[in-house]
There are 2 protein chains.
Amino acid sequence: MSENMGFVKGQGTKRKIVDASMELFAQHGYKGTSVRAIASSVGIKQSALYNHFANKEAIFMQIATEIFSTPFATKSDSALVEEQAKRGKAFLSKFANEIRLLAFDKRSEKLFRFMMIEIMQHAQLREQFRARFHDDNIEYLSTGLFAMMRANLIRSCDPMVMAEAFLAPLFYLRFNISLQKADEKPTANYSKQFEKHLDFFWDSIKRN
Amino acid sequence: MSENMGFVKGQGTKRKIVDASMELFAQHGYKGTSVRAIASSVGIKQSALYNHFANKEAIFMQIATEIFSTPFATKSDSALVEEQAKRGKAFLSKFANEIRLLAFDKRSEKLFRFMMIEIMQHAQLREQFRARFHDDNIEYLSTGLFAMMRANLIRSCDPMVMAEAFLAPLFYLRFNISLQKADEKPTANYSKQFEKHLDFFWDSIKRN
DNA sequence: AGCTTAGATTAACAGTTGTTCATATATACT
DNA sequence: AGTATATATGAACAACTGTTAATCTAAGCT
């Protein structure tokens, strides 16, 4: 009588449905993907889907919650953030690197595409984006940057503005990488741009 | 026998179709908008649409080309750009202001939403985004920034990296404004953020 | 062995989709 | 007045949509 979380029975069909849907939604969007297409991608008939999900939208919801379950920034208490921020550039480097890794991770890339396609049409996706991506990251970064100011590592300035100036190019880079991948164009060069951004940004704020 | 551009006959039904489609596409996406919905929004029956457009996709194409027909950055010969760039911060201010105005322009906002929804699914939209938005703006900005470096107004650095660091937050701001508007949330505060970004960026690069 | 149950199938449903066609109307040109 | 042209309509189409119901299958438990 153990909690099965819905993912232990049979051959993990539920997991397969989510994966297949993610792939298809990221390629053709929610409206552009039929339940028949999902079913045939899994290798079952459409009606069998309804043993695992109440309806098509329930699959959407499942994926929508997964998008932000992998935190973009590792949430940690502000005391720890301030400690790490003392290392200056390395703190920012670690952050940029995490986003870079996500940009080149296959699963994360699919989720990002899915989000980009659907975010304008689903209020709860927008809410999650604001809370989990924007707000959390801006808070994390501005806390760190503020600590650096107090330690006199960087010049004094509104930490929120600074945080956005650091975050936005990372987001823009990730967006462009997704565009490139959608056309199966090479993305190798983008990896360097993360470093270039970091170097430029650090030169922009460091005390000299 | 004058060129009518397809927009003079009758009561301008073709124009109405494009406007209605733009509105609906920006709200529900291409797949989520039926030709019946477009027709009823215009005030005609579905079959009448086919007197003006070969099919639904032709409407899409019409709108897709309109997105980038309003140039984000005023294209001008590089000699003129260099002249204007001598004014330093004012050059960047003018650019940021143009994007700010577009972000708060109703029609432009619809086009932006439409683009965001569909860009991942349409190669020609991605191509136009890269060419008309990214490349053109980066070239414009980096040309100006390079001129500023030679005039010793700003510190020396890779102009492309600098240009991206200036452009990305503007794009990110515009994206967030669109998200806010989709939820009918206030966007007044965002106007100041354009200025804050400009001030921070100028402090980051100016010679002191 | 018998019972329960998760998960698959086949078939069908009612509604919507983009598109076509034959037809009507009204305007503009000769 | 008569003809051509542009634009509207109503009806129909085949294909596809999400969802449901009845039925079968195979594994797990007692």
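Below, read A as the first sequence line, B as the second, and so on, with proteins coming before strands; counting in each chain starts at 1.
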[Y] and [X], any side-chain heavy atoms less than 4.5 Å apart:
{"X": "B/Phe166", "Y": "B/Ile138", "answer": "no"}
{"X": "B/Glu66", "Y": "B/Val18", "answer": "yes"}
{"X": "A/Asn97", "Y": "A/Phe194", "answer": "no"}

Charged N-O contact under 4.0 Å between B/Glu109 and B/Lys106 = no
Value in whole Å for how far the [atom2] atom of [N] lies from [atom1] of [X]:
{"X": "A/Gln46", "N": "C/dA8", "atom1": "CD", "atom2": "P", "answer": "14 Å"}
{"X": "A/Lys45", "N": "D/dT25", "atom1": "NZ", "atom2": "P", "answer": "16 Å"}
{"X": "B/Asn55", "N": "C/dT19", "atom1": "CG", "atom2": "P", "answer": "5 Å"}
{"X": "A/Asn51", "N": "D/dT19", "atom1": "CG", "atom2": "P", "answer": "14 Å"}
{"X": "B/Lys56", "N": "C/dT19", "atom1": "NZ", "atom2": "P", "answer": "8 Å"}
{"X": "B/Leu24", "N": "C/dG18", "atom1": "CG", "atom2": "C1'", "answer": "16 Å"}
{"X": "A/His28", "N": "D/dT17", "atom1": "NE2", "atom2": "P", "answer": "12 Å"}
{"X": "B/Arg15", "N": "D/dA6", "atom1": "CZ", "atom2": "C1'", "answer": "19 Å"}

side-chain N/O A/Ser34 vs D/dT17 OP1/OP2, d < 4.0 Å =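 Looking at the OP1 and OP2 atoms of D/dT17, one of them is under 4.0 Å from a side-chain N or O of A/Ser34.
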B/His52 side-chain N/O to D/dA6 phosphate OP1/OP2 under 4.0 Å | no
Give the nucleotide from the list C/dT19, D/dT9, D/dT17 with an atom nearest to the side chain of B/Ser47.
->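 From the listed options, D/dT9 comes nearest.
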Among D/dT20, D/dT9, C/dT19, the one nearest A/Tyr50 by side-chain distance = D/dT20
DNA chain C: A/Ile44 or B/Gly32, which has the more 5' nearest nucleotide?
-> A/Ile44
